[in-house]
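Let me begin by presenting the structure, written as structure tokens, before commenting on it.
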Amino acid sequence: MDAQLMKGILEGCVLGIIAKGETYGYEILAQLELVGFEELGEGTLYPVLTRLDKKGYISCRRAKSPLGPVRKYYTITLPGKRHLNEFKENYQKITASADRVLFDDDGWHEREERKDEYCIDGGTA
Amino acid sequence: MNTVLMAEQLNGEYRQVFERVDLYCTATGIATEVAEDKMMNLFDLFMTAQSNGKPVEKIIGKDVEKFCISYFEDYSLKERIKHIPDILYKFCWLVLIFSVIELFEQGIDKGLAEGILYRTDILPFVIGLAIGQLFFGAAGFIVSRLMFRFPKIAPMKFYISIIIMFVVAVSVVSFWGDDIELTVLIPIVLIIAVCAAYIAVYWGVRAYRRYCDHGSIFKEREKIRHEDSEGFILETGESLIKKFYRKNKRRKRRGKAEWTIWEYMEYLCRQDAKEVWKWHLMALFYVVVVAVPVIHTLLIEGMMDALILAGILVVIEIPIYFSCKKLSDFGVRCRKKLMQECQAHAMDLIEYVAYLREKTGGEERGEENEGYNS
């Protein structure tokens with residue numbers, strides 16, 4: 001998957017997973033893998049979690065895991081929920097626009113004709 | 001937190017990768033608190049993934065080096081600057097201890113009033129700090145760049161090389177130090193006061209941060225029992241088996257009958273029972289080692305000198321005694337645990353070690369790690 005593209009949406013996706021309920025690193029990775037984010041390691045996830053924590057979008061509590069090590073459990077905060085909603089809105093707008101450019105051929109020709117009609121790009125009426 | 005103990009609870013590739021990440025973390029000079037947090041996080045992740053039978057590639061990707069770089073990428077220059085107070089804290093402790101000892105010496109030689117007014121040269125400490133940081137930084141820079149190409153670079157070699165460089169540097173400075181006329185003389189009492197104040201403020205801030213973090217002013221301690229880790233039990237067992245073969249060779253040379261493995265195991269149990277008495281005798285020995293010179297000094301030099309000597313000897317001897325005892329007790333606990341496991345599995349030592357080796361996927365210790373993806 002394109003790294004730059006991933007970078008833009010990963011934070012939102014991780015926040016979306018955490019919004020569903022308190023969770024931890026391995027579970028988040030497993031969820032991401034399940035929905036198709038393959039080859040996404042802890043090296044990519046951990047900085048995302050750290051950023052979200054620093055921005056105050058998630059809170060973290062430490063507790064012993066069933067296997068013994070101390071584990072960090074993440075929960076979404078109120079600012080995190082607001083940010084997630086904003087992300088979802090922006091994501092929908094961007095993907096709708098991108099879809100029209102990338103996949104909607106008929107719509108593209110229509111817009112080209114309208115450009116000529118209204119003398120855009122130096123066309124004459 | 002001990003990453004060595006953590007690594008021993010991991011098997012095969014997980015252990016290899018964990019150790020490489022730990023070495024990278026040390027070599028790049030990540031601050032202790034940050035390193036502890038990240039390594040504990042990684043340990044939890046690896047333990048969970050290992051128990052679910054996932055290959056380590058699925059967790060960290062195919063390239064360990066890339067993983068290390070991205071895992072620690074948020075530890076920027078800004079973060080490093082934020083941890084300068086930690087370095088200064090250790091520096092202040094060092095300066096405080098040496099200054100207190102020097103004040104004592106001056107007080108004894110010249111009397112208390114003159115001793116307090118004594119001015120000491122702070123420059124050697126500053127130079128030592130600078131050299132130490134420089135060497136650690138240089139060694140870390142080299143190791144972090146080479147360790148993935150040369151998997152035989154192991155933590156012990158890294159620390160040994162740092163120590164060697166530091167000793168060489170101190171020797172050079174000591175040799176040519178007299179030619180350096182630059183000194184920075186500061187009243188010793190002022191140095192002690194400033195260092196003590198800094199340490200007190202540091203403790204206060206740290207306690208406050210810990211309290212905000214996990215509701216206690218004390219550090220969260222992860223109690224990993226070393227002797228419970230299969231990796232370490234395997235190591236202990238392999239070492240005992242080697243000793244068993246060596247013992248039998250010696251017995252054969254002396255014309256004695258060789259032991260069976262069961263006889264050897266009984267012998268180990270008898271030896272461990274004797275350990276308790278050994279340490280009672282050692283305690284008596286240490287008391288004598290401290291008491292004799294103190295009494296001698298009391299008779300010849302006087303009370304003050306005797307008290308100072310007693311203080312110094314106690315400070316030196318007590319940690320040595322308890323460290324050695326701790327190590328010995330730990331060895332006894334490990335062997336006891338191993339014998340218990342052998343009994344529980346109805347196996348002798350050799351059979352149980354072979355069983356553990358197969359279970360953990362471990363290789364015989366003493367071999368260098370081949371290196372995952374290196």
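Letters go in sequence order (proteins before strands), and every chain restarts at 1. Computed from a predicted model, the values in this text were never measured in an experiment.
The contact between B/S51 and chain A is made entirely by side chain atoms (from C-beta outward), counting heavy-atom distances below 4.5 Å.
Contact of the A/E33 side chain with the B/K58 side chain is registered, since non-hydrogen atoms from C-beta on lie closer than 4.5 Å. Looking at heavy atoms from C-beta onward, B/D37 lies in side-chain contact with A/K72 at the 4.5 angstrom threshold.
Evaluation of the salt bridge (charged side-chain N to carboxylate O under 4.0 Å, His left out) rule for B/K66 yields no partner, not counting sequence neighbours. Remark: A/Y73 engages A/Y24 in a ring pair (Phe, Tyr, Trp, His ring centres under 6.0 Å) (not counting sequence neighbours).
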Run the numbers on A/L29 and B/L45 for side-chain contact (heavy atoms from CB on, under 4.5 Å), then give the verdict. CA-CA 10 Å; A/L29 270 178; B/L45 182 70; 4.1 Å; yes
Between A/Y26 and B/K54, does a side-chain contact (heavy atoms from CB on, under 4.5 Å) hold up when you go through it step by step? CA-CA 11 Å; A/Y26 182 80; B/K54 251 196 170 151; 3.5 Å; yes
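The structure places OG1 of A/T50 at 9.5 Å from CD of B/E73, a figure rounded to the nearest 0.5 Å.
Environment of CZ in A/R51: crowded, with over 12 heavy atoms of neighbouring residues, nucleotides or ligands closer than 6.0 Å. Within 6.0 Å of NZ in A/K81 there are 12 or fewer heavy atoms belonging to other residues, nucleotides or ligands. For A/Y91, the OH atom is loosely surrounded, since the number of other residues' heavy atoms within 6.0 Å does not exceed 12.
B/D44 approaches A/V70 most closely through the heavy-atom pair CB-O, 4.0 Å. Shortest non-hydrogen contact noted between B/S70 and A/P47 is O-CG, 3.5 Å.
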